[in-house]
Amino acid sequence: MSLATFLDQLFAGLGLGFILFFSAAGLNLVWGVLGVMNFAAGAVYMLGAFMATTVIAHVGASTLGWLLALVLVPVLAAAGGALAEVVLLRRTYREHDENQQFMLTLVLSYLIAGGVVLVYGPGFRTVSLPGALSGSWQLFGATLPVYTAVVIVLGVLVTAAIWGLLYGTRAGLLTRAAVDDRTMLSMLGVDVNLLYTGVFAFGIGLGALGGVIDAPNGAVTTNLETAALVPAFIVVVTGGLGNMTGALIAAVAIGVIESFVTLRSPTLAPLTPYAVMIVVLLARGLAGRSLLPDRARAAT
Amino acid sequence: MVGKHAVSSRTLLVCALVSVLGVTGAGCGSSKSKATTAASGSPIKVGYLASLTGFCAAFSQDYVKGAQQAVKTINAEGGVMGHPLQLLVRDDKAEPNVGVSQARDLVLSEHVGFLAGTCTSAVGKSVARLVANPSHVLYTVGVADPTVFTGGGYVFATIPTAEVEGANAAAYVRAHPQWKTVAVISEDYSYGFEVTAAFRKGMKGSSQKIVSQEYVPSGASSYASYISKLVAEKPDVTYSTVIAEDTITFVKQAFPLGLFKATQLFGILDYGTIDPMPKPPVGALGYTYYPSASIYHTALSEKLDPLGTEVANSGAAGDGFNQIEMIAQGIEKAHSTEPPAVRAALDGATVQMVQGSEKIHSCNNLTAVPIAMGPVVAATKELPFAHFSPIELVDTNKYFTC
Amino acid sequence: MRALWWSRLSLLLGAPREWAPGLALLGLGVALPALVSTEYVLLGASTLVLMLLGVSFNLLFGYAGMFSFGQSAFYGVGAYATVLLVNKAGFDFYVALVAGIAAATLLASVGGAVLVRLEPIAFIMLTFALADLLEFGASHASSLTGGDSGAIAELPRALNVTVGVNRVYYVILAIAAVVLVAAFAFVRSRAGLMLRAIREEELRAATLGIAVERRRLGVFALAGAVAAAAGGLSVLSAQIVYPSVFAWQLSASALIVTLLGGVGLFSGPMIGAVLLELIDFYVGRSSTNTVLIDGLLLLAIVLIAPRGVVASGSGSLPGAASGLARRMLTAARGARAGAPG
């Protein structure tokens, strides 16, 4: 394998891996921290992509439009997520009813998907990248698309930001504490309801961000929902629930491996996430290590 | 005028139901010849299967619009034998069991004698099976799997099968001997396999070498790995049958990776996919068999215009339109709304489609619609969307072996 | 004297809530063709299939506390085995059905040997992965399975549903009833009782000498068999098999009908299946934005009857079902302390 080929596939793999990370980040927070298995993660991703098409359609496919979508869509989605959490999910924490949570997030995914069809119709949309981001660089004979580099940088920034929030702020401290003992926290006078709403909203916002970032890569269709949901679950579980660095490593590893597998067997490449997950889960199972957040380590 | 030779629609519907259930019924022979000529008679129901969720959801709306436009224009011109057509649209979710249960429901509850639509071969195959046994429902559909259609059967095709498509592509490549190396890229499911196999068959004996053949996953979010691989190989021409939304993903990611500089792209580039692209693949050689209105200048293509430029050129609308027209014309030819008579009338017939007069081959119920080919150019004043120019219309009758 | 046999019977059958709605449904099922027109009989057939799939899921989720997201794997094995044996090996349908159930039970036993030892989240994801991998295999092994457009079942005229709807319906009903009775007998047996003990308090059950993993493997195999029966019967109503029989959306349907009807109640998935099929049927006929309407209707049901339609307004069992979360968390904490999950 020449250096150029190696780098080509590495870049493609990193691009794929970081997109995977973005589809999983929000779910990781919601499932890992709140313990809610969010079946609506894929629908939120798809919603983010569609909302991005609206923003760019109105503002234009310029760098400004793209940046605006990047900021505005997650904020709006987070607001929606907060509303959904208060209205639907809050009652389930009180009663510890995980079954109802499953159904509610499942129902939420239906409602979001149905809402998207209602507003946008079942057809597809496309957005283009701003001119500044649609070129590519030549490195050692390999081609690195500018947008791939942007996605990588964004991924690293988001991980750093979440890490900073969780370890550098009081809210982050409380969130990590809530993972371990919600009851104790509320006895200490912390408004745990508000905390949970905040974390859920943040998780939804992250999911929508993933959709915005992926939107210029292809057609924005309702199929994005299923395409994002399964890999998100796989990445979260492989990296360890609530473990953001773990999710990043898992996502990038899956992306890069899949890219290199393509060289040998394009047909088998889509099985890569499953293979990686199976190996990791079985190894963990044999070693007796849990996937749930560890008391000593908390989230991230 | 209702007279003693006329048959009431009610009897027709009862007989259709009775036949479907396999129960014998009195008075349901084939002696109905001249149907009623009442001005606004009872409607002729046609069931339409639209895949509103799942695989082809993106284009399903256009199929339905095209079918509805056909019904509208036919009814405006007096209907079929004086009866208006009525379209009953159901969502088959691109799932065979849903498609079959919707089709059955349409036949049993709504007593339709005619079905149309669906975009996946899996659904098409199972609905075709349904109408085959017992065979009293006529079905027109645009799927590429040749096993769905059999000569003498009740299922009729409105688009070419993968075999014809692949054969045509091979003929085109062979007509360009300057292309010494060929790469083939197609989707990893039955359509991709069939069209690639047909292409390879057509290329047998040529000195042009197929240097690589890849099946890429359908619906993937990133084709970068495959594109990089292609770029490294630098084939003279790349034959691509990546379709629908995947074409958009493929072309978008191909640009920064330099595919269009490394190879000449040739492949299926339906107007429905290149038109919405902010940056269409100008210079690529495309073909399409979906009837985009601007390609053909026939009486029927003009009827698509009220749908608006975007929908009229999507191609899917034209296919939906054709499916209904085929049924309507079959009924007119048979002078009967009984599916067996309509089937016999369509067998080997020439029908008017958006593309013009097309022949249905008796041996396999396939219609030899033309394939439009040409280099992709950007929007112009006359045609404000990406299109082929100049366009060549290939007569596909020559690829029919029977 | 009367009281004695009645109390013995109650002991045997358990709370009426568990079995009465299901029995009533089956009774209704027997009378169905006389009561409604053909399209509803066909709806009844597919409802029976969904009931079996839901019961399969509930055996694991409601009774054993195991969340399997891969029952569609065994459903698919049952469906494919039946069609392929009929088409390619010329088997009689009933023999093929039994062979399909046997194949799925084998798969569940072999896979389960590893899977049941894993912690809950790993179990969820790996059962899911099993189904998805089978789907991939089915769509790629085209020479065997017919690939992604599937294979049409070459059934004899006697079993052709478009020729004789009622006859095929009764075949499905009869076989489904047998499977349901067998599953119910298991649930009410000592084995079933032990599973509930494991679900409630795993550590304590182990100290009582209950072979936790062996019991779990047993119910996993049984659930696989029930799901395979559902898959095999689906061949009679759909007449075709295709890779999407392995789709995770089908496993999700099993979850939905169980939660709609009532977790851990035998009749729960049966009622849930009727509800879901009716919703899909009427929504599918009238509107083209089926997803939104489906979502709104499901939301209404979940808000009105959060514990499931059968369980609503009653005591201990729903409480136990909702305690599942607590068990999982406790078990996970225990696992972290060193003991294997």
Side-chain angles (χ1 to χ4, degrees), chain A residues 31 35 37 39 43 88 91-92 95-104 106-118 121-122 222 225-226 229-230 233-234 236-238 240-241 267-268 270-271 273-275 277-278 280-282 284-296, chain C residues 61-62 67 69 114-115 117-126 128-130 132-133 136 140 248-249 252 255-256 258-260 263 288-303 306-308 318-319 321-326 328-329 331-333 335-336 338-341:
Chain A
W31 196 5
M37 205 165 150
F39 283 120
L88 293 178
R91 72 190 67 206
T92 63
E95 294 154 349
H96 263 289
D97 197 348
E98 285 218 341
N99 299 338
Q100 213 188 348
Q101 273 174 11
F102 296 150
M103 279 303 285
L104 286 170
L106 201 64
V107 163
L108 195 61
S109 76
Y110 275 74
L111 293 174
I112 294 174
V116 164
V117 171
L118 193 67
T222 47
E225 180 186 359
T226 353
L229 185 65
V230 172
F233 270 76
I234 291 179
V236 168
V237 170
T238 310
L241 260 63
T267 312
L268 293 180
L271 292 180
Y274 295 95
M277 178 182 74
I278 289 170
V280 169
L281 287 182
L282 288 179
R284 266 206 165 103
L286 283 172
R289 287 180 68 213
S290 168
L291 286 160
L292 290 176
D294 186 71
R295 201 176 195 119
Chain C
F61 189 57
F67 185 167
F69 213 57
V114 174
L115 290 171
R117 289 166 203 279
L118 300 171
E119 62 173 312
I121 290 172
F123 184 76
I124 298 173
M125 293 306 292
L126 287 179
F128 164 84
L130 177 66
D132 252 26
L133 289 173
F136 185 89
H140 283 82
W248 63 265
Q249 284 90 341
L255 168 72
I256 294 173
T258 304
L259 292 178
L260 278 183
V263 182
T288 39
N289 195 347
T290 52
V291 181
L292 186 62
I293 314 270
D294 273 345
L296 288 170
L297 286 171
L298 287 176
L299 179 66
I301 297 178
V302 172
L303 292 178
R307 305 251 184 268
S322 73
L324 176 63
R326 235 173 292 137
M328 280 171 72
L329 209 53
R333 291 217 179 99
R336 252 186 281 123

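Worth knowing before you read on, the calculation uses all heavy atoms, side chains too, and leaves out hydrogens, waters and symmetry mates. None of the values given here were measured: they were computed from a predicted structure. Letters A, B, ... are given to chains in the order of the sequence lines, protein chains preceding strands, and every chain is numbered from 1.
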Original post:
Side chain, backbone, both or neither: which part of A:T267 has a heavy atom under 4.5 Å from chain C?
Top reply: both
Original post:
Which region of C:L133, side chain (C-beta onward) or backbone (N, CA, C, O), has a non-hydrogen atom less than 4.5 Å from a non-hydrogen atom of chain A, or is it both or neither?
Top reply: side chain
**OP:** Go through the steps to decide whether A:N99 and C:R307 satisfy the test side-chain contact (heavy atoms from CB on, under 4.5 Å), and finish with yes or no.
**Re:** CA-CA 8 Å; A:N99 299 338; C:R307 305 251 184 268; over 6 Å; no
**OP:** Could you go through the side chain to side chain donor-acceptor pair (under 3.5 Å) check for A:T92 and A:Q100 one step at a time?
**Re:** CA-CA 7 Å; A:T92 63; A:Q100 213 188 348; 5.9 Å; no
Subject >> Which portion of A:F233 sits near chain C, non-hydrogen atoms under 4.5 angstrom >> reply: both
**OP:** Determine the option with the most heavy-atom pairs under 4.5 angstrom with chain A, choosing from C:L298, C:L259, C:L297.
**Re:** C:L259
Subject >> Residue C:F69 versus chain A: region with a heavy atom under 4.5 Å >> reply: side chain
Subject >> Side chains of A:E98 and C:F67 in contact at under 4.5 Å (non-hydrogen atoms) >> reply: no
Subject >> Side-chain heavy-atom pair A:L106, A:F102 within 4.5 angstrom cut-off >> reply: no
**OP:** Flag the pair A:R284 / C:L118 as yes when at least one side-chain heavy-atom distance between them is below 4.5 Å, and no otherwise.
**Re:** no
Subject >> Closest-packed option against chain A by number of heavy-atom pairs under 4.5 Å, given C:T290, C:I301, C:D132, C:L255 >> reply: C:D132
Original post:
Picking from A:L271, A:T226, A:V117, A:L108, which has the most non-hydrogen pairs under 4.5 angstrom with chain C?
Top reply: A:L271
Original post:
Are any of the side-chain heavy atoms of A:V116 and A:E225 separated by less than 4.5 Å?
Top reply: no
